[in-house]
**Student:** 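Please find one structure pasted underneath; my questions will follow.
One-based numbering, in listed order, for ligands and for the atoms of each. Numbers here simply count residues along the sequence, with the first being 1. All values reported here derive from a predicted model rather than from experimental measurement.
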Amino acid sequence: MNKFQILVVEDDAPVRNLITTTLKAHDYRFTAAVNGSTAVMEAASRNPDIILLDLGLPDLDGVEVIRRIRNWSNVPIIVISARSEDSDKIEALDAGADDYLTKPFSVDELLARLRVTQRRLALIQSNSQPSAVYENGRLRIDYVSGCAYLNDEEMHLTPMEYRLLCLLAQNTGKVLTHKFITQSVWGSNWDNDVGSLRVFMATLRKKLEKPPDSPQYIQTHIGIGYRMLKIE
Ligand code: CA
């Protein structure tokens, strides 16, 4: 039996059935909720490992559900969005969601997102003791000395690239929005300056990704943001 307990929040029965059937077939344990207020209660009482949350719910907005759960819990939340616009996903990510799926999605996509989130969960759990060193595949960051290494060779990063790398590393597995990144790295004066972010990201990637045109570490989410992946 898969030890992960998933809370599925979806009012649309066919989609809910697709998800729960998939979870059952892959030995996940799960409970289902059909509205936002039940979801918040279930999240509190059952302490799930991962929440799959539809954004369009009959009572509470999904983003409001995220805000309430984030008052006490860091449980990874994958939102399910029916709308093709990015704005609702961005709002959900900024409210504290970790990842998103867009309807209609395939079973393979669902399982892939769950695997990424399980790796993030393992990281969160192993990082309960704050560590001065970050390690991910060939990448190592020594926060104390303020140096990053690739294959044990020091990377020559500008202060901006180093801050970007640290922010991504500290949120490994989570999709970070452009707004979140620019605010964290530059402060609100640069709020959502996606053009500058893209330039710094490109120079960071040239130093981090080998070869630079097939990124392994930093994943681009077009129109939304970036994510550092955990290398297995
Ligand atoms: Ca819905």
**Student:** Can you check whether Ile231's main-chain N or O pairs, donor with acceptor, with Asn136's side chain at less than 3.5 Å?
**Tutor:**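 A pair under 3.5 Å: yes.
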**Student:** For Tyr226, check ring-ring contact (aromatic ring centres under 6.0 Å, His included) against everything at least two apart and list the hits.
**Tutor:**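 Tyr226: ring-ring contact (aromatic ring centres under 6.0 Å, His included) contacts with His178.
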**Student:** Give every protein N, O or S atom lying under 3.0 Å from the Ca ion (ligand 1), naming each by residue and atom.
**Tutor:**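 Checking every protein N, O and S atom gives Asp11 OD1, Asp54 OD2, Gly56 O.
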**Student:** Tell me which one of Arg113, Arg119, Arg70 satisfies salt bridge (charged side-chain N to carboxylate O under 4.0 Å, His left out) with Asp98.
**Tutor:**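 Going through the options one by one, the only one that passes is Arg70.
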**Student:** Using the six-membered ring wherever Trp is involved, compare the ring planes of His221 and Tyr100 and label them parallel, tilted or perpendicular (cut-offs 30° and 60°).
**Tutor:**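 Plane angle over 60°, so perpendicular.
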**Student:** I'd like to know if the side chain of Thr38 reaches the main chain of Val34, judged simply by a donor and an acceptor atom lying under 3.5 Å from each other, with no hydrogens or angles considered.
**Tutor:**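 Checked: no pair found.
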**Student:** Please find the pair of heavy atoms, one from Gln5 and one from Arg29, that lie closest to each other, and give the distance.
**Tutor:**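 So the minimum-distance heavy-atom pair works out to OE1-NH1, 3.3 Å.
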